[in-house]
Amino acid sequence: MGALSLGRLAYLALVVAIFAFVIAPLLMIVWVSFFAEKILSFPPTGYTLSWYARASEMADFANGFLMSVKVGLCATLASLALGVPAALAIERFPFPGRETIRQTLLSPMYVPAIVAGAAVYIYFIELEILTNFQLAATFTGLVIAHTLVALPWTLRLVCASLVSANTISEEAARSLGANALQTFFYVTLPIIRPGMIAAAMFSFIASFSDLEKSLFLVGPGKTTLPIAILNYLEWSLDPTIAAVATVQIFIIGAALIVSDRFVKLGKVF
Amino acid sequence: MAGVTLSNIRKTYGTLAAVDDVSIEILDGELLALLGPSGCGKTTTLRMIAGFVAPTAGTVRFGGRDVTRVPVHKRNVGMVFQGYALFPHLTVAKNVEFGLKVRGWDKAKIAARVTEMLHWVQMEALAERSPRALSGGQQQRVALARAMAHEPEVLLLDEPFSALDAKLRGQMRTEIRELQRQAGITSVFVTHDQEEAMAIADRIGVMNHGRLEQLGSAEDLYKRPVSRFVAGFIGKCNFIEGHVTGPGRFETANGQALQFSGEHSIGPAALCFRPEHGVLTPLATPGNSLPVTVKAVTYLGPVTEYDLVSEAGNRLLVSASSSGEGAPKEGDKLSVAWSIGDAFVVD
Amino acid sequence: MREGRNWGGSALVVPALFLVAAFLLAPLALILRYSFDKYDPVKLMLGIFSPGNYVQAVADPFYQNVLSTTAYIAALSTVIVMLLAFPVAYYISRVESQRLRGWLIILTMLPLLLGNAVRSAAWMIVMGTKGVANAVMLGVGLIEEPIKILYTPTAVVIALVSVLLPFAIITLQSVMDAIPTSLEEAGQSLGHSPLRTVFEVVLPLAMPGVVAAAAISFALAMNAYATPVLIGGPTMKMMGPAVYDQIAKANNWPFGSTLACILMVVTLVLTVLSTRFLSRKYF
């Protein structure tokens, strides 16, 4: 089947066209971020880097970016702290009902983001009325919501690496006299480390790019980058926003490529 | 029906030659086995005959027709796949029918042919079953019926018995051999099992590192192997290193003179004999013999195998009918002898 | 050590379970309850239990329109997505080079992981009146005046298709990966052209994946928020934005909860359906 027949060529062209359909808008936005003119016109009259400077000077974007990074890091750490033990429990200590537990822990992935966002928002307000403890429009509240976004990714990736690493090396360590804790730190942890790094990356990406769950929970001065982009887009579309989007594209693209070094993404999905 | 001619076919992947300059003429109605270890190029060769792999060089002909650039679906081949590749979403009958509709046969003719094929492989009763509900042997029969239904010019079988357990394997290969004879179809089958190849093939092509080492009947290959690889791959064989000193004369590495039958040029070589041709005797006998020590005795029922080591450090194997009294024991110092007619030399 | 092991087994899962139970399941239960309450301009909620909101959501012409628009847009997007995802997923699952395969999957996933804000911004730049699409069409003389693409249902469908494609491709590709290539070879050896083999062998065997991917796509499209808001504009009324408007802007928690619960149930049914179909895979 080495020969390139006409049919095969047409098929190849179709696949390329579909990929182009998905990717082209992203290339466009990167391109536009360098346009000299504020009012979009194609082709551009010239190129400039000044929109990046302008974007970084805008408080909404600068603060949103910082907030997204901080929330993303906290949510990632929290989802690892909760997800790795949970994955271990599910994959290494068979207990009754563990499939139900697994599905429950993965459920944040399946509950529609807008529904979950609305529900968590109402819940936070009711909690505040009840206990006087404010979560809505606070950093803590955002981190809790984003940990929910990140947890399924951590669980999936760590479970996958636990499944692919068979239990024989752990049993070997136990037979050589290591206790459960030593076995975990000397054998299991090194084996699942690539999975954990990928889990951290994906957790961060999932948190960093989340829009719907944060929508209800942000407050004045507590806005994430995607929300800042959304607010700006409702009023105007110009190279500044393209510059902001480009920054996000490169951060997430880099995180993807880094995680691919640790876990072949072709095998994750 | 037609024979298949492979002329100097090559397949290279980058710098690696998976199949290197192989020429075979497969006769009309013949069953040819391609035999070799994994990675020897036998499967690639089969896939080039089928049309799944395009040769880098050389031609494939069915009868007089050059099919080298003809895609699979226009070649009119029948293929039985490793693991059978029956369609799980179709019934047994629909599987057999699969190649007929596309050829524009009318309904009545298709129905008749499906019945005929299922009768041929004795599967009429299970026509409406899902292939997943069948045993391995039954699946294989369906796969054969499906491959033969559209009256292909060539039947190709890729490790057809590897998914069966040992007992069924023997039965199925006799069955397939009979069905192939009845149909009189030119067939090529690929296997890594020399016993299987010897049992059913008219001729065997032994492949190694992408090359065809030897092509011949089972007896040819066993009695007159042309290379060390063939000698070692077809049956068990003892190799004694040394060099040929003259016509029929051989000298071992430590200087002992031995004799062999057949021709070989002067130079480094190995003298070979089969384990069943060796005889253990208490004394050194004139002619071909070596003093040995018995290292291990393995009782295998009708025969017993003796692992031996010669003074020069050669490991040798001799098998003999199991006998009760006076059989050699571990540690015995004996001689192994073999007749000159049974000794041959390879590079 | 044995006791430690058993104790560890059940306990390690508790913190994660607590997070999900306390901050997802409990909130969902809460809005399920509120969806049966009634809004009051002064007291916000009356504390009653009645299916009135559900009746209103189905009977009120405005929300009928929202529901039917949402379902129509979601269905149309799903059909287009499946038509596009199938050839791509098949290509990825059959590509020989593992490297290329890895890159194709990253390329597939990248837009998904960028999030809706960035992706919507990109589509706005392409589809705006002064956007790339209009500039190109004007440039080659296809049109004489810029046409309105952004803020139309067509624009929403186009953008949604690009949102849903990665999910559909990944779901289909994982099912196709498991279909042995020998089945396609068998099809071809029996006289079927490669294209016909796809329809007669690959499509039926991938059908559970097709149904699952379609269900997931439809559910995601129903729940879309950013795409209808940004690409559809203020006149585009879909369920996602309606939930936000009711709860965050109108403060009508009961009715907003009702809309959210309708979305939740539709999604739940489709998710269960898709897992059911996936479990019927041949391989």
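Naming: A, B, ... by sequence-line order, numbering from 1 per chain. Worth knowing before you read on, the calculation uses all heavy atoms, side chains too, and leaves out hydrogens, waters and symmetry mates.
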* Asked: Do Y244(C) side-chain atoms and E212(A) backbone N/O form a donor-acceptor pair below 3.5 Å?
  -> no
* Is chain A contacted by the side chain of L84(C), its backbone, both, or neither, given a heavy-atom distance below 4.5 Å? -> both
* Structure fact -> Turns out that what part of S107(A) lies under 4.5 Å from chain C's heavy atoms comes down to both
* Structure fact -> If you tally heavy-atom pairs under 4.5 Å between each of I205(A), I241(A), D238(A) and chain C, the highest tally belongs to I205(A)
* Can you say whether Y90(C) sits under 4.5 Å from chain A via the side chain, the backbone, both, or neither, judging by heavy atoms? -> both
* Structure fact -> The interface call for L14(A) against chain C, heavy-atom contacts under 4.5 Å, is side chain
* Asked: Between I29(A), L27(A), V22(A), which has the largest tally of heavy atom pairs under 4.5 Å with chain C?
  -> I29(A)
* To do: Pick whichever of I158(C), I216(C), L32(C) has the most heavy-atom pairs under 4.5 Å with chain A.
  => I158(C)
* Structure fact -> When the 4.5 angstrom heavy-atom criterion is applied to V32(A) and chain C, the contacting part is side chain
* To do: Select, from V14(C), T171(C), L24(C), V243(C), the one with the greatest count of heavy-atom pairs under 4.5 Å involving chain A.
  => L24(C)
* Asked: Nearest 0.5 Å, what's the CD1-CG distance between I251(A) and L114(C)?
  -> 11.0 Å
* For residues 10-24 of chain A, pull every pair meeting side-chain hydrogen bond (donor to acceptor under 3.5 Å, both in side chains), keeping only residues two or more places apart or in separate chains. => none
* Structure fact -> Checked V161(C), I247(C), V126(C), V136(C) vs chain A; the most non-hydrogen pairs under 4.5 Å come from I247(C)
* **From I105(C) atom CD1 to L256(A) atom CG, the distance as rounded to the nearest 0.5 Å** => 11.5 Å
* Structure fact -> Residues of residues 227-234 of chain A with a heavy atom under 4.5 Å from any heavy atom of chain C, in residue-number order, are I229(A), L230(A), L233(A), E234(A)
* Structure fact -> Applying a strict 4.5 Å limit to non-hydrogen atoms, the region of L148(A) in contact with chain C is both
* Among the listed options E126(A), Q248(A), M28(A), the residue most often paired with chain C at heavy-atom distances under 4.5 Å -> E126(A)
* **Pairwise distance CD1(I23(A)) to CG(L107(C)) - rounded to 0.5 angstrom** => 4.0 Å
* **Top of C261(C), A260(C), A85(C) for chain A proximity - count of heavy-atom pairs under 4.5 angstrom** => A260(C)
* Asked: When heavy-atom pairs shorter than 4.5 Å are enumerated against chain C, which of L135(A), L225(A), T147(A), I114(A) gives the highest number?
  -> I114(A)
* To do: Please tell me if the side chains of V13(C) and P85(A) come closer than 4.5 Å, counting only heavy atoms from C-beta onward.
  => no
* F86(C) atom CZ, over 12 foreign heavy atoms within 6.0 Å -> yes
* Asked: Can you name the closest pair of heavy atoms from P87(C) and V15(A) and give their distance?
  -> O-CG2, 4.0 Å
* **Note, V115(A) side chain near L28(C) side chain (heavy atom, < 4.5 Å)** => yes
* To do: Would you mind checking which part of T271(C) comes under 4.5 Å of any heavy atom in chain A, side chain (CB onward), backbone (N, CA, C, O), both or neither?
  => side chain
* Asked: Could you name the residues of residues 248-259 of chain C that have a heavy atom within less than 4.5 Å of a heavy atom in chain A?
  -> A248(C), W253(C), S257(C)
* **Pick from A87(A), A116(A), P108(A) with the largest number of heavy-atom pairs that fall under 4.5 Å of chain C** => P108(A)
* Structure fact -> Applying a strict 4.5 Å limit to non-hydrogen atoms, the region of V229(C) in contact with chain A is side chain
* **Backbone of L113(C) reached by a side-chain donor or acceptor of S209(A) within 3.5 Å** => yes
* Stepwise, does the side-chain contact (heavy atoms from CB on, under 4.5 Å) test hold for Y91(C) with L12(A)? -> CA-CA 8 Å; Y91(C) 185 81; L12(A) 218 66; 3.4 Å; yes
* To do: Would you indicate whether the side-chain heavy atoms of R119(C) and P25(A) approach each other to under 4.5 Å?
  => no
* Asked: Roughly how far, to the nearest 0.5 Å, is the CG atom of L19(C) from the CD1 atom of I144(A)?
  -> 7.5 Å
* **Separation of I90(A) CD1 from L12(C) CG (nearest 0.5 Å)** => 10.5 Å
* Asked: Which atom pair, heavy atoms only, marks the closest approach of A119(A) to I31(C)?
  -> CA-CG2, 3.6 Å
* Applying a criterion of heavy atom separation less than 4.5 Å, what residues of residues 98-106 of chain A form contacts with chain C? -> I101(A), T104(A), L105(A)
* **Interatomic distance, L30(C) atom CG to I122(A) atom CD1 [nearest 0.5 angstrom]** => 7.0 Å
* **Per-residue contact mode, A29(C) against chain A (heavy atom under 4.5 angstrom)** => neither
* To do: Please flag which part of L104(C) lies under 4.5 Å from any non-hydrogen atom of chain A: side chain, backbone, both or neither.
  => both
* Between L151(A), L211(A), V111(A), the one whose heavy-atom pairs under 4.5 Å with chain C are most numerous -> V111(A)
* How are the rings of F124(A) and F23(C) set relative to one another: parallel (under 30°), tilted (30 to 60°) or perpendicular (over 60°)? -> perpendicular
* To do: With the side chain counted from C-beta on, respond yes when L268(C) and Y110(A) share a heavy-atom pair under 4.5 Å apart, and no when they do not.
  => no
* Report the C-alpha distance between W31(A) and I125(C) in whole Å, list the side-chain angles of each, state the deciding distance to 0.1 Å, and finish with yes or no for side-chain contact (heavy atoms from CB on, under 4.5 Å). => CA-CA 10 Å; W31(A) 186 36; I125(C) 279 177; over 6 Å; no
* State, yes or no, whether a side-chain contact exists between V244(A) and V118(C) at a heavy-atom distance under 4.5 Å. => no
* Are more than 12 heavy atoms from other residues, nucleotides or ligands located less than 6.0 Å from atom CZ of F21(A)? -> yes
* **Structural part of L25(C) lying under 4.5 Å from a heavy atom of chain A** => side chain
